[in-house]
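This report concerns only the one structure given below.
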Amino acid sequence: MLEFYFSYRGVLKRLRSGALGGEMDRIAKHFFTLGYKPASAKIYLSRIARFSQFAATRCGPMPIPQDVIDSYLCTFTTDTPRIGAVSALGHARRLAPERFIGSVPSIEDDPDAPLLASFSDYLSRVRGLEPKTREGVLLGGRRFLDWLRHHHPDQELQALTAEHVFAAVEHRLSLSATSATRTAATSHIRTFLRFLYWAGHNDQDLARVVPGTPHWRLAHLPPRLAWDDVRRAIHAIGATTPVDIRDRAVLLLLATTGIRNGELRTIQLQDIDWRTGEVFVRRTKGKRDRVAPLLEETSAALADYILRARPKVDSPYLFLSFTPPVGPFKYASPVSRIVRKRLRHGGVELGRVAGAHLLRHSLATQLVRQRTPINEVADLLGHRSINTTALYVKVAVSQLAEVALPFPGGVA
């Protein structure tokens, strides 16, 4: 496989020598399969080959220990080549783990790691929380432990008291700027304290002493865009490059179905029913599958993307990244960046909240203004409770004026 990237016999011989020489063809195939550009793959392979030569002089054919890697990285005097070497070695270690001796992390580096791992398992197995939700709750637990280590370094969890909890909650609330973040902070501390009681780390159910924080869920208006702005941004996307074609399909799907960022990333090719004009949305936020209708314009954009722009890689997922390694979007941030970029290019002024969810709010607001029955809006958005959808009713000012009762005293 190395011949795909290099043609000189001397270069090929050098690449296949060294401590990792026997793995270089497999590593080259890895870069090819993931869709790396030849120039990028050659850089990675050259970096791995240089390390391979270095390691051969230190440990020969034996597995490579961590101290050899550390010694090699110390040969770089500037950050840029060192960072490149670390990235290249990461690929080598993932593809040929048998050629490396894994370093055993010291538990002293993070004394709370075992407890937080147990907490994560509790959140998953007992509470049934999704990974994204667990991240926030775990962060709340870690922050509580960090506060405890800083203010009471010798305090045992078994000896925690209500005074400690009150002080920790007061500290977290002082760092929270909105009612939503304050509610989340106290909720996470409460969940962590329930875990401590459930797991036997503390004999008291201290979660009961965490004070509640006032939070009126329907007291604000959802961030949203005028529908004309959404349409203008979509029309401004060209159709000359594969990225343009993909981004237009992404925005149209988000704006016309109201699906969430995570739901869009999990859509597979087989989830689109072209005959009925529907897309099957898997494992939504409410842990339920649902079907969203596809408008003709959206279906045409998706077909154009699949036929003309989608990378030719073996992946079941609909939307793929064009940046190597080519594959599905693993995180929410790339999709949100696409939305922000295209909205800005369309001349839309964005506020603090500007991501994929902004299009969901905009669609719901538009449907309510068009007098779509609220239960149909709830079904489209996948809301379990119609009370969640009621938030969007507040933006229909003209409709609210129609149902307002006259002032009892008449016009003054």
Side-chain angles (χ1 to χ4, degrees), residues 105-223 260 262 284-288 332 352-353 357 383-391 394:
S106 174
I107 196 66
E108 296 178 357
D109 295 340
D110 186 3
D112 297 323
L115 179 63
L116 291 173
S118 178
F119 183 38
S120 178
D121 187 66
Y122 162 83
L123 295 175
S124 175
R125 295 175 178 270
V126 179
R127 297 292 302 276
L129 300 185
E130 293 295 313
K132 191 65 176 179
T133 306
R134 289 203 305 270
E135 289 179 12
V137 183
L138 277 172
L139 180 60
R142 178 175 287 282
R143 285 172 172 169
F144 180 86
L145 292 173
D146 289 342
W147 177 90
L148 188 66
R149 301 278 184 243
H150 180 72
H151 292 85
H152 304 279
D154 299 324
Q155 182 69 48
E156 295 291 335
L157 292 176
Q158 189 63 246
L160 273 179
T161 64
E163 288 76 13
H164 295 125
V165 174
F166 280 131
V169 170
E170 183 180 9
H171 171 72
R172 287 306 315 160
L173 293 181
S174 67
L175 302 177
S176 303
T178 65
S179 60
T181 55
R182 286 191 289 270
T183 300
T186 53
S187 175
H188 295 164
I189 292 176
R190 197 177 291 115
T191 302
F192 183 64
L193 293 173
R194 287 197 186 103
F195 159 72
L196 294 181
Y197 178 66
W198 175 84
H201 296 292
N202 192 285
D203 296 333
Q204 305 179 71
D205 185 9
L206 295 175
R208 296 180 299 174
V209 306
V210 177
T213 54
H215 174 53
W216 294 273
R217 187 173 57 86
L218 299 179
H220 70 284
L221 291 174
R260 300 178 178 90
T284 66
K285 184 178 179 181
K287 298 183 180 180
R288 298 180 302 170
R352 183 177 61 87
V353 179
H357 222 69
H383 288 160
R384 278 186 172 183
S385 172
I386 201 171
N387 292 330
T388 306
T389 320
L391 173 66
K394 297 195 302 181

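Values below: every heavy atom of this structure, side chains too, minus hydrogens, waters and symmetry copies. Position 1 is the first residue of the sequence; numbering continues from there. Fair warning: this is a prediction, and the values are worked out from it, not measured in the lab.
- Inter-residue side-chain proximity for Asn202 and Leu157 is flagged as unmet; no heavy-atom pair is nearer than 4.5 Å.
- Rounded to the nearest 0.5 Å, atoms CG (Leu196) and OG1 (Thr191) are 11.0 Å apart.
- Residues passing the ring pair (Phe, Tyr, Trp, His ring centres under 6.0 Å) test with His357, sequence neighbours excluded: His361.
- Every residue two or more places apart in sequence or in another chain was checked for a side chain to side chain donor-acceptor pair (under 3.5 Å) with Glu170, and none qualifies.
- We find the CZ-OG distance between Arg182 and Ser187 to be 14.5 Å, quoted to the nearest 0.5 Å.
- Applying the salt bridge (charged side-chain N to carboxylate O under 4.0 Å, His left out) criterion to Arg142, with sequence neighbours excluded, gives Asp110.
- Note: Leu123 CG to Leu116 CG = 10.0 Å, rounded to the nearest 0.5 Å.
- In plain terms, the two heavy atoms of Thr186 and Leu173 that are nearest each other are CG2-CD2, 3.8 Å.
- In this structure, Gln204 CD and Leu193 CG are separated by 10.5 Å, a value rounded to the nearest 0.5 Å.
- Inter-residue side-chain proximity for Val165 and Leu160 is flagged as unmet; no heavy-atom pair is nearer than 4.5 Å.
- Sorted by first and then second residue, the side chain to side chain donor-acceptor pair (under 3.5 Å) pairs with a member in residues 113-125 read Asp121-Arg125; sequence neighbours excluded.
- Residues satisfying the ring pair (Phe, Tyr, Trp, His ring centres under 6.0 Å) criterion with Phe119, sequence neighbours excluded, are Phe192, Phe195.
- Across all non-hydrogen atoms, the minimal contact from Gln158 to Gly200 is NE2-O, 3.6 Å.
- For Tyr197, the side-chain contact (heavy atoms from CB on, under 4.5 Å) test picks out Asp205, with sequence neighbours left out.
- Applying the side chain to side chain donor-acceptor pair (under 3.5 Å) test to pairs two or more places apart or on separate chains, those with a residue in residues 143-157 are Asp112-Arg149, Trp147-His151, Gln155-His164.
- Each of His188, Arg127, Arg190 was checked for a side-chain contact (heavy atoms from CB on, under 4.5 Å) with Val137, and the lone residue meeting it is His188.
- When all heavy atoms of Arg134 and Leu129 are compared, the closest pair comes out as NH1-O, 2.8 Å.
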